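First up is the structure itself, then whatever we jot down about it.
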Amino acid sequence: MTRSSIIALVAISGALSACNVQSEESQESEVPSQVSQTAAVRYSGFSEPERVLYDSARDRYLVSSVNGETAAKDGNGFISVLSPDGSITELKWIEGGQAGVTLHAPKGLAIVSGVLYVADIDVVRKFDAATGKALGEIAVPGSTFLNGLTATGDGRLYLSDSGPPLGFLDGYGTEAVYVIEDDRVQLLAEGPLGRPTSLQPTQGGVIVASFGANEVFELDGQGNKGKVSQLPAGGLAGLVKHGPWLYATSWQASAIFRGKLGEPFEVAAGDLAAPSDLGYDSKRGRLLVPRFTEGTVDVLELQ
């Protein structure tokens, strides 16, 4: 191959790469990222709603309600089913103390292969996602405040323990992130993680929001910390991904922040008291925001 041929090929390759970058940037810019400032739909009647999950297979929303103290084993937690049209299908579809169900303070929700997994203080409970029938539980030894739960495309679960300090000399409590595969629990990371709450899976790990700090950060498959974004405020309780954008709820700011991992975040929606672990309706382009102290779920449209 002649020198002129090599130079021509390099030029063509560079032009193609530039086109690909421009194409990716164009696709990212076309993803709706603005959040409506008023709720298109508001559901009410919950009791400390913690998490909303969009069940795409059944086109419905599932909501976990703590219904009492967040770490109390009082047996009265419940899970609701909502219709995207604005109606509540069943307020107490799964209820602690009914039909052989144990459910104390349910928080994180995820569905894998027709099984609904629910983070409940120190265990992950399993239910039939179609019927709500109890299917057992997965113990997480040493945990005290299981919170965020998310599923990967290949069926693994990531789980966070936001456990606060247990005593005067305990600097970080039981904070940890776990991986669950085939009902086996493995520790991914522990230590001072800023009280990890909500999680979003990546191709090789997980993105973590921290309630005790103002950080959103990435953990790789070995639990090593990667990209970090410092948000304008803390109390981060929810995290979802939409295209290139991450949306994080903040109790401290009463707001939803929007940004890209490793880059600055900005306020996307404000005046939201106690926004907890939000969900994302991928069919309609909606953020589903549980308001913990308000007992409501707000639907905010992406525009």
Side-chain angles (χ1 to χ4, degrees), residues 46-53 62-74 77-79 96 103-111 116-126 137-152 156-166 172-180 185-201 206-217 219 223 234-241 246-252 274-280 288-293:
F46 311 101
S47 182
E48 289 88 38
E50 167 64 26
R51 164 74 162 130
V52 184
L53 174 69
L62 302 180
V63 182
S64 58
S65 280
V66 170
N67 195 23
E69 294 296 325
T70 54
K73 295 186 177 182
D74 48 19
F78 61 90
I79 296 170
L103 198 60
H104 299 304
K107 298 179 183 70
L109 305 172
I111 295 176
L116 172 65
Y117 293 84
V118 183
D120 190 13
I121 302 180
D122 56 4
V123 302
V124 175
R125 305 196 189 278
K126 302 193 299 180
E137 65 185 39
I138 304 168
V140 184
S143 62
T144 63
F145 202 92
L146 297 179
N147 199 335
L149 191 61
T150 191
T152 66
R156 286 173 296 137
L157 294 166
Y158 285 101
L159 171 70
S160 71
D161 182 356
S162 307
L166 303 177
Y172 59 83
T174 61
E175 297 171 40
V177 176
Y178 297 92
V179 180
I180 300 177
V185 180
Q186 291 184 319
L187 181 68
L188 179 65
E190 65 178 340
L193 296 172
R195 297 187 65 187
T197 50
S198 189
L199 307 168
Q200 280 291 293
V206 66
I207 302 172
V208 183
S210 54
F211 192 83
N214 63 335
E215 281 190 351
V216 171
F217 60 90
L219 294 175
L236 308 179
L239 185 70
V240 296
K241 192 173 189 298
L246 288 169
Y247 297 85
T249 58
S250 168
W251 276 40
Q252 188 177 34
S276 200
D277 198 353
L278 76 173
Y280 172 59
L288 314 169
V289 189
R291 307 275 299 281
F292 191 83
T293 58

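Along the sequence shown, residues are numbered consecutively beginning with 1. Quick caveat: nothing in here was measured; it's all calculated off a predicted structure.
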TODO: Check the angle between the aromatic planes of Phe211 and Trp251 and answer parallel, tilted or perpendicular using the 30° and 60° thresholds.
DONE: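 Phe211 vs Trp251 ring planes: perpendicular.
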- [ ] Please identify each residue that fulfils side-chain contact (heavy atoms from CB on, under 4.5 Å) with Ser65, with sequence neighbours left out.
- [x]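 Ser65 satisfies side-chain contact (heavy atoms from CB on, under 4.5 Å) with Phe46, Pro49, Phe78 only.
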TODO: Could you pull out all residues at least two apart from Glu69 that satisfy side-chain contact (heavy atoms from CB on, under 4.5 Å)?
DONE: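 Checked Glu69 against side-chain contact (heavy atoms from CB on, under 4.5 Å); matches are Ala72.
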Heavy atoms only: give me the nearest [X]-[Y] pair and the separation to one decimal.
X      : Y      : result
Val118 : Lys107 : CG1-N, 4.5 Å
Pro141 : Tyr178 : O-OH, 4.1 Å
Thr70  : Ala105 : O-CB, 3.4 Å

- [ ] Check salt bridge (Lys or Arg N to Asp or Glu O under 4.0 Å) between Lys73 and all other residues, then give those that pass, not counting sequence neighbours.
- [x] Asp122
Residues two or more places apart in sequence or in another chain: which of them pass side-chain hydrogen bond (donor to acceptor under 3.5 Å, both in side chains) with [X]?
X      : answer
Ser198 : Asp277
Gln200 : none
Tyr280 : His242

Task: Salt-bridge contact Arg195-Glu175 (side-chain N to carboxylate O under 4.0 Å) - done: no
Task: Between Glu50 and Ser64: side-chain donor-acceptor atoms closer than 3.5 Å - done: no
